[in-house]
Each structure stands twice: as structure tokens, then as C-alpha cells.
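Accompanying notes for the structure given below.
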Amino acid sequence: MSKPNKYSLENVEAQMRKGSLEFTILLIISRGEVYASDIIQQLKTHDLIVVEGTLYPILSRLNRAGLLDYSWVESESGPPRKYYSLTKTGKESLDQMTAAWKAMSASIQQLITNAKSD
């Protein structure tokens, strides 16, 4: 009788998405003021969101860290909406995250290439 495999590829993929979620949210917001549902839509379009309920705590954490700001905008179809934008600190942090991502991505790509050639 074979032992059940506790290793789950789905779990690994979910953890990879979670690990990059703050970075991808900042990338989306860097394009200009954006409403939370638009962020969710972009994350879904790119298959990056793990659970929708994770967005709001991340937005709050990024706001408390001084990376995001928000403004309330009146809506014709309901209550006012909160639109997010990057602060100067947020833009600087995003630049640093982008550099770190590129370096890490290059290292991982090199490992993938080396693994294929073995």
C-alpha cells in the first residue's frame, strides 16, 4: 500500500501567489488611482489572487506602512468609493521590490536552466 503524498502542488502555487501579492498590488496601483474591485479584477485576470478577502487587510497594512494613500470619491450608483494611490514612499518601495524581484527571478531562471541541462 502506497503512502499518501502530503506534498501539494496547489498549495505551493498558492503560497507563491501569496508571497508576491503585496508586490503585485503595488504594481497595479502604480498605474494610477484604483478602486479595490478593480484591483481584484486585475489580480483575477492574471490568476494571482488567492482569496478575495485577503485584499483588504493587505491594503490596510500597506496604508499603515505609508506606502498607500486613498481618497473618497462620490459614486453615481451608491456610496462613495475609496480609491488607492501610491505615496512617494510607496513608489520608492515599489522600485526596491522591482529590483529585488528581477534579481530573484534571474537567479531562479538560472537554476531552472541548469536543472534542465543536467
Side-chain angles (χ1 to χ4, degrees):
M1 189 157 128
S2 65
K3 209 175 183 184
N5 185 356
K6 292 184 179 183
Y7 187 81
S8 166
L9 186 55
E10 286 180 14
N11 185 46
V12 170
E13 290 174 0
Q15 291 302 316
M16 291 169 86
R17 282 189 208 98
K18 275 185 184 179
S20 62
L21 205 49
E22 287 186 10
F23 178 49
T24 55
I25 289 169
L26 290 174
L27 285 169
I28 292 167
I29 297 172
S30 73
R31 300 176 192 159
E33 283 191 333
V34 65
Y35 182 54
S37 66
D38 297 327
I39 297 170
I40 290 169
Q41 184 57 47
Q42 285 293 308
L43 292 170
K44 283 183 176 182
T45 297
H46 297 285
D47 196 27
L48 292 170
I49 194 153
V50 178
V51 178
E52 285 184 29
T54 61
L55 177 64
Y56 295 98
I58 291 171
L59 290 172
S60 293
R61 187 169 55 249
L62 293 171
N63 178 257
R64 284 191 309 274
L67 305 183
L68 296 182
D69 202 2
Y70 61 85
S71 60
W72 290 99
V73 177
E74 291 297 323
S75 170
E76 294 177 11
S77 61
R81 294 180 171 189
K82 191 186 283 189
Y83 282 83
Y84 295 90
S85 59
L86 294 183
T87 62
K88 181 181 178 199
T89 302
K91 290 174 186 172
E92 292 167 354
S93 294
L94 180 58
D95 288 345
Q96 293 170 350
M97 287 180 195
T98 300
W101 181 268
K102 287 178 179 179
M104 183 177 67
S105 179
S107 295
I108 292 171
Q109 187 58 52
Q110 187 174 25
L111 288 169
I112 291 169
T113 301
N114 291 343
K116 286 180 181 178
S117 64
D118 289 347

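Side chain of R17 to main chain of D47: a donor-acceptor pair is present (N/O by atom type, distance under 3.5 Å, no hydrogens or angles). Remark: side-chain polar atoms of T87 are paired, donor with acceptor, to backbone N or O of G66 under 3.5 angstrom.
Residue L43 is grouped with residue L94 when hydrophobic side chains (ILVMFWY) are merged at heavy-atom distances under 4.5 angstrom, including chains of intermediate members. Follow the hydrophobic side-chain contacts under 4.5 Å out from L59 and you reach F23 in the same cluster. Y56 and L27 fall within a single hydrophobic cluster, where Ile, Leu, Val, Met, Phe, Trp and Tyr are joined by side-chain heavy atoms under 4.5 Å apart, directly or via other members. Under the 4.5 Å side-chain heavy-atom criterion for ILVMFWY residues, a single connected hydrophobic cluster contains both L21 and V34. Under the 4.5 Å side-chain heavy-atom criterion for Ile, Leu, Val, Met, Phe, Trp and Tyr, L111 and V12 are members of distinct hydrophobic clusters.
Residues Q109 and I112 are in side-chain contact: their nearest non-hydrogen atoms beyond the backbone lie under 4.5 Å apart. You'll find the side chain of L26 reaches within 4.5 Å of the side chain of L68, heavy atoms only.
Taken to the nearest 0.5 Å, the CG atom of D38 stands 12.0 Å off from the OH atom of Y84. R61 CZ to L67 CG: the interatomic distance, rounded to the nearest 0.5 Å, is 10.5 Å. Taken from NZ in K44 to CD1 in I39, the straight-line distance is 13.5 Å, to the nearest 0.5 Å. S37 OG to K82 NZ: the interatomic distance, rounded to the nearest 0.5 Å, is 13.5 Å. Interatomic distance, CD of Q110 versus OG of S105, reported as 11.5 Å (0.5 Å rounding). Interatomic distance, S20 OG to Q15 CD, rounded to the nearest 0.5 Å: 11.0 Å.
Closest approach of S75 to P79, counting heavy atoms only: CB-O, 3.2 Å. Among all heavy-atom pairs drawn from L55 and A36, the shortest one is CD2-O, 3.6 Å.
A side-chain contact (heavy atoms from CB on, under 4.5 Å) with L86 is found for one member of D69, L62, I29 and no other, namely I29.
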